[in-house]
Engineer: 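One structure, pasted below without further comment.
Remember, predicted model here, so these are calculated numbers, not experimental data.
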Amino acid sequence: MMVPIPPGESARLLLVEDDVALRIVVSGALRGAGYDVTEVADGGDAVRELQRSRFGLVLLDLGLPFVDGWEVLQKLEGQHLPSVMVISARGDEPDKVRALDMGADDYLAKPFGTPELLSRVRAVLRRAQPVQEPARVVQEGAVTVDLGKRVVQRDGVEIRLSPTEYLLLAALARQPGAVRDHRSLLSEVWGPEYVDDWSYLRTFVRRLRTKLEADPAEPRVIVTVSGRGYRFGP
């Protein structure tokens with residue numbers, strides 16, 4: 001089941017950044033926007049903080065001393081933990097896709113301005129607080145999506161999805177058989193500022209197929225419609 005983050009915890013952020021000057025600027029901007037920010041300078045401290053406290057969002061640099069950001073993502077993979085937004089000087093597409101594949105919800109390349117940072121933070125936290133909707137169950141093969149309870153099952157076993165994975169699946173499942181184009185999905189799930197960033201959509205579709213499809217190479221639940229977009233089922 002997708003459990004929304006309690007309001008008090010959604011405002012608690014963990015900033016993992018070893019650049020002191022940048023950490024001061026980012027933490028100041030976040031606190032100025034009303035967030036409760038805990039700061040650490042390396043990945044080992046980040047993992048320890050996550051083990052003893054609850055956060056709505058982790059802002060994670062990749063180039064950290066001792067335990068780098070990749071190792072932190074690996075340790076978080078598959079666990080029921082906060083949303084993660086990578087903030088990194090590594091702006092190349094392969095690094096971005098790798099981070100998203102490993103469970104990051106967003107990727108913000110340095111340098112960035114305060115308005116963009118705050119907009120991205122709000123967008124990630126919004127995705128972790130899905131709006132309740134009327135009870136409705138949609139099924140395709142062995143996969144069942146209970147839109148009211150926000151529960152996804154495959155062969156009767158509940159599948160744990162990240163908030164963003166669930167929102168994308170729900171956007172498709174609400175209109176089974178209908179083709180949803182790339183831009184409308186990006187706008188609905190991520191926000192209008194993401195409509196041209198297809199790497200998010202491709203990566204999260206791939207993640208969903210890995211969890212839901214009997215054979216991800218021959219998808220039957222989330223089907224690609226060449227040149228048009230995706231659909232839920234036939």
Side-chain angles (χ1 to χ4, degrees), residues 1-88 90 96 98-110 112 114-131 150 160-168 189-191 194 200 203-204 207:
M1 180 182 297
M2 300 304 305
V3 180
I5 301 169
E9 291 175 6
S10 67
R12 297 194 67 225
L13 311 183
L14 177 63
L15 174 60
V16 191
E17 173 59 68
D18 66 319
D19 184 320
V20 177
L22 180 59
R23 193 168 69 242
I24 290 172
V25 171
V26 171
S27 63
L30 294 170
R31 289 192 178 101
Y35 297 108
D36 178 2
V37 183
T38 298
E39 304 172 41
V40 295
D42 68 75
D45 286 341
V47 172
R48 284 187 284 274
E49 282 291 341
L50 288 166
Q51 288 172 342
R52 61 175 173 241
S53 301
R54 294 186 64 177
F55 300 91
L57 173 64
V58 181
L59 293 97
L60 178 66
D61 185 22
L62 293 177
L64 299 167
F66 309 118
V67 177
D68 67 16
W70 296 117
E71 291 179 78
V72 174
L73 282 173
Q74 192 170 38
K75 290 178 184 296
L76 298 183
E77 193 170 11
Q79 299 187 47
H80 201 60
L81 288 167
S83 300
V84 177
M85 184 169 74
V86 168
I87 49 174
S88 177
R90 304 175 182 181
K96 178 179 178 180
R98 181 187 174 193
L100 294 173
D101 263 336
M102 291 179 69
D105 293 273
D106 203 351
Y107 192 103
L108 182 57
K110 302 175 183 175
F112 51 81
T114 297
E116 182 179 14
L117 169 70
L118 296 179
S119 174
R120 294 291 190 100
V121 167
R122 287 192 298 269
V124 173
L125 292 175
R126 172 186 57 79
R127 294 197 292 273
Q129 297 287 349
V131 176
R150 297 195 291 273
R160 186 167 57 193
L161 302 179
S162 74
T164 306
E165 288 171 344
Y166 175 78
L167 288 179
L168 175 57
V189 177
W190 283 270
Y194 293 82
Y200 284 92
T203 301
F204 276 81
R207 281 166 56 173

Engineer: Distance under 6.0 Å and angle within 45° of the ring axis: does Arg98 meet both against Trp70?
Structural biologist: yes
Engineer: Can you confirm whether Asp18 sits close enough to Asp42 that some side-chain heavy atom of one is under 4.5 Å from a side-chain heavy atom of the other?
Structural biologist: no
Engineer: Please say which of Val58, Val16, Leu60 ends up in a side chain to side chain contact (heavy atoms under 4.5 Å, CB included) with Val72.
Structural biologist: Leu60
Engineer: With a 4.5 Å heavy-atom cut-off, do Ser162 and Phe204 have their side chains touching?
Structural biologist: yes
Engineer: Is the closest side-chain heavy-atom distance between Thr114 and Val26 below 4.5 Å?
Structural biologist: no
Engineer: Hydrogens and angles aside, do Thr203 and Asp101 bring a side-chain donor and acceptor to less than 3.5 Å of each other?
Structural biologist: no
Engineer: Any side-chain to backbone donor/acceptor pair from Ser27 onto Arg23? Under 3.5 Å, distance only.
Structural biologist: yes
Engineer: Just so I know, are the side chains of Leu57 and Val84 near enough to count as touching, which here means a heavy-atom distance under 4.5 Å?
Structural biologist: no
Engineer: Drop me the distance from Ser53's OG to Arg48's CZ, to the nearest 0.5 angstrom.
Structural biologist: 13.0 Å
Engineer: What's the separation between atom CG in Leu13 and atom CG in Leu125, rounded to the nearest 0.5 Å?
Structural biologist: 6.5 Å
Engineer: Working note: Val37 + Glu39, criterion side chain to side chain contact (heavy atoms under 4.5 Å, CB included); need CA distance, chi angles, decisive distance, verdict.
Structural biologist: CA-CA 6 Å; Val37 183; Glu39 304 172 41; 4.2 Å; yes
Engineer: Are the side chain of Arg12 and the backbone of Arg54 linked by a donor-acceptor contact shorter than 3.5 Å?
Structural biologist: yes
Engineer: Restricting to non-hydrogen atoms, name the atom on Gly43 and the atom on Leu64 that form the minimum distance, rounded to 0.1 Å.
Structural biologist: N-CD1, 3.8 Å
Engineer: Between CH2 of Trp190 and CG of Leu167, what distance do you get to the nearest 0.5 Å?
Structural biologist: 9.0 Å
Engineer: Tell me, do Tyr194 and Asp106 make a side-chain contact under 4.5 Å, heavy atoms counted?
Structural biologist: yes
Engineer: What pair of heavy atoms forms the shortest contact from Ser83 to Val124, and how long is it?
Structural biologist: CB-CG1, 3.5 Å
Engineer: Is the backbone N or O of Leu22 less than 3.5 Å from a side-chain atom of Asp19, with the two atoms forming a donor-acceptor pair by type?
Structural biologist: yes
Engineer: What are the two closest non-hydrogen atoms of Leu100 and Asp105, and how far apart are they?
Structural biologist: CD2-C, 4.1 Å
